[in-house]
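Numbers restart at 1 for each chain; the letters A, B, ... are given by sequence-line order, proteins then strands.
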2 protein chains.
Amino acid sequence: MARPRKFDPQEALEKVTDVFWRKGFEGASMQEIEAATGLNKQSLYRLFPDKRAMYLAALQKYEEQEGEPLRAMLSGPGGASERFKRVFDNLVASAARGDRRGCFLCNAATDQAQLDPATQGFVSAAVKRFERMFREALRVSAPYNRDREATKAKAAALLSAYFGLRVLTRANAPLNTIEAAARQACETI
Amino acid sequence: MARPRKFDPQEALEKVTDVFWRKGFEGASMQEIEAATGLNKQSLYRLFPDKRAMYLAALQKYEEQEGEPLRAMLSGPGGASERFKRVFDNLVASAARGDRRGCFLCNAATDQAQLDPATQGFVSAAVKRFERMFREALRVSAPYNRDREATKAKAAALLSAYFGLRVLTRANAPLNTIEAAARQACETI
DNA sequence: GGAATTGCGGACCGAATGGTCAATAATTTG
DNA sequence: CAAATTATTGACCATTCGGTCCGCAATTCC
């Protein structure tokens, strides 16, 4: 009978996620991850076969963690406009709080998607999931509840605005620029 | 009298820029840069004091190289709408050609701006320069030629759309998504 | 108690990293 | 020619990198 683990793998993965989110794949060293988790490398290698697998697991964890509140905001009460307002207000509030981590998915897209096939696969699929979420949220209001093309176009535009705002956040753009862009995105719905 | 260089520093810098653009700061090794330039590391260190200086020089080179065509598109004939249409059409065409490098500035924002003060300084300033360029291009048309607040807001929104599209490009989003988002961005002007 | 199984910890590994060193080379000037 | 100056080359450096090894540890089962 195997010796039980002294740590919670999910808790470790959350810490791993945070390091990769901040530092990116290449910038996060195994030593740093050791320090962040308080675990010895060998313990980490018993959980994940290699650094890339760890990174992909972190991306998935991030999507679960951040996707949930996003989904909640997009499926709560109100019309499409109100729903997206909640999302963009939340994004602005986070930047206002000084949280400049941006979006790990967005970071991974620019950082790794063109360099690693597995990351690209994940990122592409995740972007599609986001897009689908946006489409569904739009469909609660006219004209999106009956015009498929308008829905697709608007979802794409909002997705683009969302990612662009994430970049501006990470670039330390002034808060009023971020606010203005967020407001504009909502006003077009 | 010093021995003359056997290579053109500007040409070398262009090659360096390409490597950093594709691989990012951490992902691009000096060995790779050696190979791309055909130069020995010591020759490169005679041009730049260290890797970071090289990276910053590459970012600057990129802004010069890519900023020029962007400026031309935004200052050529036509109203604001036509001008931005040119920019976004160009971006879509590049993605259609399979060029998924995205925007080095955008990549640097997500990748390095929160990790290195010098990069953040550069990126922040460059984003402001882009924003100013966008404002100027908007001012050739109503209502932006007389409404400062509307101009600022629209410039911020277009900047956000521009960067978002760059992320979608890098994420291998389907071309129709990119096209739709680009078209939507222009239609709001 | 021993066997089986997996976990922990620290040492270890070969390769890669960013950067440096020193001999030689190329140019101008006097 | 020698001196001065910077360029080139290839070897070298200490550290870091992602990953592995192995002895000891912890648990259950018989």
Side-chain angles (χ1 to χ4, degrees), chain A residues 1-61 108 111-112 115-119 122, chain B residues 1-61 108 111-112 115-119 122:
Chain A
M1 178 60 178
R3 172 179 171 173
R5 284 199 171 95
K6 279 168 56 176
F7 66 92
D8 172 24
Q10 283 303 308
E11 203 179 302
L13 183 56
E14 276 166 25
K15 287 173 177 136
V16 166
T17 300
D18 191 62
V19 176
F20 278 129
W21 184 357
R22 291 168 181 278
K23 296 291 190 75
F25 180 75
E26 294 285 347
S29 67
M30 292 306 297
Q31 210 173 8
E32 229 168 331
I33 288 165
E34 272 188 307
T37 55
L39 300 175
N40 179 292
K41 264 191 283 186
Q42 176 59 8
S43 296
L44 291 163
Y45 278 107
R46 283 180 167 276
L47 266 189
F48 308 101
D50 58 22
K51 192 180 179 186
R52 180 62 65 180
M54 205 179 297
Y55 182 74
L56 291 167
L59 272 174
Q60 195 165 344
K61 182 74 186 175
D111 181 26
Q112 288 293 306
L115 301 177
D116 171 63
T119 307
F122 184 90
Chain B
M1 179 64 180
R3 171 179 173 172
R5 286 200 171 93
K6 280 169 54 177
F7 66 92
D8 172 25
Q10 283 305 308
E11 203 179 301
L13 183 56
E14 275 165 27
K15 287 174 177 142
V16 166
T17 300
D18 192 61
V19 177
F20 278 130
W21 185 356
R22 292 170 181 277
K23 296 293 190 72
F25 180 74
E26 295 284 349
S29 65
M30 290 307 295
Q31 210 171 8
E32 231 169 330
I33 288 166
E34 274 189 307
T37 54
L39 299 175
N40 180 294
K41 265 191 281 187
Q42 178 56 11
S43 295
L44 291 163
Y45 278 107
R46 282 188 166 270
L47 267 187
F48 309 102
D50 57 23
K51 189 180 180 184
R52 179 63 64 181
M54 205 179 297
Y55 182 74
L56 291 166
L59 272 173
Q60 195 166 340
K61 183 74 186 175
D111 181 24
Q112 288 292 306
L115 301 176
D116 171 64
T119 307
F122 184 90

* Scan residues 10-19 of chain A for pairs that pass salt bridge (charged side-chain N to carboxylate O under 4.0 Å, His left out), counting only residues two or more places apart or in two chains. => A/Glu11-A/Lys15, A/Glu14-A/Lys61, A/Asp18-A/Arg22, A/Asp18-A/Arg101

* Mind checking what makes side chain to side chain donor-acceptor pair (under 3.5 Å) contact with A/Arg52, not counting sequence neighbours? -> A/Gln112, A/Asp116, A/Thr119

* To do: For A/Ala2, enumerate each residue passing the side chain to side chain contact (heavy atoms under 4.5 Å, CB included) test, keeping only those at least two apart in sequence or located in another chain.
  => none

* Does the side chain of A/Ser43 get closer than 4.0 angstrom to OP1 or OP2 of C/dG7 through an N or O atom? -> no

* Proximity to DNA chain C (any heavy atom under 4.0 Å), residues of residues 7-28 of chain A only -> A/Phe7

* To do: Check A/Leu39 against A/Ala12 and note the closest heavy-atom contact, atom names and distance.
  => CD1-CB, 3.9 Å

* Which side chain to side chain donor-acceptor pair (under 3.5 Å) pairs, counting each pair once, include a residue from residues 33-50 of chain B, with sequence neighbours left out? -> none

* Please determine if a side-chain N or O atom of A/Arg3 lies less than 4.0 Å away from the OP1 or OP2 oxygen of D/dA25. => no

* Asked: Which heavy-atom pair separates B/Tyr55 from B/Gly24 by the least distance, and what is that distance?
  -> CE1-C, 4.5 Å

* Identify the two heavy atoms, one from B/Phe48 and one from B/Met54, that lie closest to each other, and give their separation to 0.1 Å. => CD1-CG, 3.6 Å

* To do: Using atom CE of B/Met30 as one end and atom C1' of C/dT20 as the other, report the distance to the nearest whole Å.
  => 12 Å

* Who pairs with A/Lys51 by side chain to side chain contact (heavy atoms under 4.5 Å, CB included), at least two apart in sequence or on another chain? -> A/Phe20, A/Phe25, A/Met30

* **Whole-Å distance separating the CD atom of A/Glu32 from the P atom of D/dC17** => 8 Å

Within the sub-3.5 Å range, which N or O atoms of nucleotides 1-3 of chain C have a protein N or O partner, and how far apart are they?
none

* A/Lys23 and A/Glu26, any side-chain heavy atoms less than 4.5 Å apart -> no

* To do: Check whether any side-chain heavy atom of A/Phe7 lies under 4.5 Å from a side-chain heavy atom of A/Leu44, and answer yes or no.
  => no

* Asked: Can you name the closest pair of heavy atoms from A/Ala118 and A/Leu56 and give their distance?
  -> CB-CD1, 3.6 Å

Each nucleotide N or O in nucleotides 10-16 of chain C that has a protein N or O under 3.5 Å away: list the pair and distance.
residue	atom	partner	partner atom	Å
C/dG10	N7	A/Asn40	ND2	2.9

* Asked: Atom CD1 of B/Ile33 and atom P of C/dG19: how far apart are they, to the nearest Å?
  -> 10 Å

* To do: Taking side chain to side chain contact (heavy atoms under 4.5 Å, CB included) as the test, write out the residues that go with B/Ala36, two or more places apart.
  => B/Val19

* Asked: How long is the line joining NZ of B/Lys6 and P of C/dA25, in whole Å?
  -> 12 Å

* Asked: Tell me, which of residues 44-57 of chain B have any heavy atom that sits under 4.0 Å from an atom in DNA chain C?
  -> B/Tyr45, B/Asp50, B/Lys51

* Asked: Considering residues, nucleotides and ligands other than B/Glu32, do more than 12 of their heavy atoms fall under 6.0 Å from its CD?
  -> yes

